[in-house]
Amino acid sequence: MVDNGRHLPPEPEPIKMDARSAEDELLTHCVQAARGLPCLAPDQARANVLRLASMMLLHRFPLAAENMLKAADSYLSAHPEALVEPADIVRRGWIIDPSRFRDALSRRLREVSPG
């Protein structure tokens with residue numbers, strides 16, 4: 001795969017699932033990373049979604065945001081050409097509605113760490 005003239009490692013074959021299931025899987029991955037659990041970004045899409053999620057939640061959940069950014073950087077530091085602008089995350093369909101994703105992720109984070 002080539003992105004902006006640079007070669008990216010091959011992406012794993014995507015699992016066919018509906019949008020709600022795909023979002024649920026991304027939210028679960030973000031929560032795992034946010035909690036500081038061993039959770040590396042395995043591909044370009046998840047790395048960029050984790051990075052965007054960390055930016056969106058920086059002020060509400062600073063530690064969670066830092067953990068998500070570390071997980072994103074595990075992939076992006078090895079593949080800097082994989083970094084995309086936040087608008088491209090939506091254009092590529094990795095997240096359909098950033099506000100909805102932020103709110104759902106915030107709810108999940110409050111559920112796993114109340115108070």
Side-chain angles (χ1 to χ4, degrees):
M1 173 192 272
V2 177
D3 190 4
N4 293 332
R6 294 178 233 147
H7 291 278
L8 295 175
E11 293 287 327
E13 194 63 34
I15 298 170
K16 301 293 183 205
M17 61 178 78
D18 62 58
R20 192 168 299 258
S21 297
E23 180 181 77
D24 185 63
E25 193 225 71
L26 282 171
L27 287 166
T28 298
H29 194 251
C30 286
V31 169
Q32 288 173 341
R35 294 181 64 202
L37 300 174
C39 181
L40 304 177
D43 55 41
Q44 181 184 25
R46 285 198 187 106
N48 281 285
V49 168
L50 280 165
R51 183 174 171 271
L52 177 61
S54 75
M55 290 188 287
M56 291 190 297
L57 297 181
L58 181 60
H59 297 292
R60 292 182 193 177
F61 301 94
L63 181 57
E66 181 180 332
N67 289 338
M68 286 187 286
L69 188 57
K70 286 178 186 174
D73 283 345
S74 70
Y75 185 87
L76 294 171
S77 64
H79 308 287
E81 70 280 0
L83 178 63
V84 299
E85 294 296 320
D88 287 329
I89 293 170
V90 174
R91 265 187 233 114
R92 293 176 185 212
W94 296 337
I95 291 179
I96 304 303
D97 182 344
S99 296
R100 182 183 186 288
F101 189 85
R102 180 201 60 222
D103 293 344
L105 182 54
S106 294
R107 272 192 305 278
R108 286 198 186 189
L109 289 173
R110 282 192 300 272
E111 288 170 4
V112 297
S113 57

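These values consider heavy atoms only, across backbone and side chains, with no hydrogens, waters or symmetry-generated copies.
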Handout entry: Distance (rounded to the nearest 0.5 Å) between Asp88 CG and Arg91 CZ
Key = 4.5 Å
Handout entry: Close side-chain approach of Met68 to Cys30, heavy-atom, < 4.5 Å
Key = yes
Problem - Met55 reachable from Val31 in the ILVMFWY side-chain graph, under 4.5 Å edges - result: yes
Fill in the blank from the handout: d(Ile95 CD1, Arg100 CZ) to nearest 0.5 Å is 11.0 Å
Exercise for the section: Specify the closest pair of heavy atoms between Ala33 and Asn67, including all atoms of both residues, with the distance to one decimal. Expected result: O-CB, 3.0 Å
Handout entry: Glu111/Arg107 salt bridge by N-O under 4.0 Å criterion
Key = no
Exercise for the section: Spell out, yes or no, whether Leu27 and Met56 are grouped together once hydrophobic residues are joined by side-chain heavy atoms under 4.5 Å, including indirect joins. Expected result: yes
Exercise for the section: Go through the steps to decide whether Val49 and Ile89 satisfy the test side-chain contact (heavy atoms from CB on, under 4.5 Å), and finish with yes or no. Expected result: CA-CA 7 Å; Val49 168; Ile89 293 170; 4.1 Å; yes
Problem - Flag side-chain contact, heavy atom, 4.5 Å: Arg60 against Arg102 - result: yes
Problem - Residues in side chain to side chain donor-acceptor pair (under 3.5 Å) contact with Asp103, at least two apart in sequence or another chain - result: none
Handout entry: Any residue meeting side chain to side chain donor-acceptor pair (under 3.5 Å) with Ser74, in chain and number order, not counting sequence neighbours
Key = none
Handout entry: Side-chain touch Gln44/Glu81, heavy atoms, less than 4.5 angstrom
Key = no
Exercise for the section: Quick one: closest heavy-atom pair of Ala72 and Ala47, and the distance? Expected result: CB-O, 3.2 Å
Handout entry: Interatomic spacing from CG in Leu52 to CZ in Phe101 - rounded to 0.5 Å
Key = 8.0 Å
Problem - Nearest heavy-atom neighbours spanning Asn48 and Ala82 - result: ND2-O, 2.9 Å
Handout entry: Side-chain heavy-atom pair Phe61, Ser106 within 4.5 angstrom cut-off
Key = yes
Exercise for the section: Would you give the length of the straight line joining atom CD of Glu25 to atom OG1 of Thr28, rounded to the nearest 0.5 angstrom? Expected result: 7.5 Å
Exercise for the section: Could you tell me the separation between the OG atom of Ser21 and the CG atom of Leu26, rounded to the nearest 0.5 Å? Expected result: 11.0 Å
Practice task
Check the pair Ile96, Glu23 against side-chain contact (heavy atoms from CB on, under 4.5 Å), reporting the backbone distance first and the verdict last.
Solution key: CA-CA 9 Å; Ile96 304 303; Glu23 180 181 77; over 6 Å; no
Practice task
Return each pair, listed once, that meets side-chain hydrogen bond (donor to acceptor under 3.5 Å, both in side chains) where at least one residue sits in residues 29-38; pairs must be two or more places apart or across chains.
Solution key: none
Exercise for the section: May I ask you to test the Leu69-Leu50 pair for a side-chain heavy-atom distance under 4.5 Å? Expected result: no
Problem - Nearest-0.5 Å distance that lies between atom CG in Leu76 and atom CG in Leu83 - result: 5.5 Å
Handout entry: Any side-chain heavy-atom pair of Leu40 and Tyr75 under 4.5 Å
Key = no
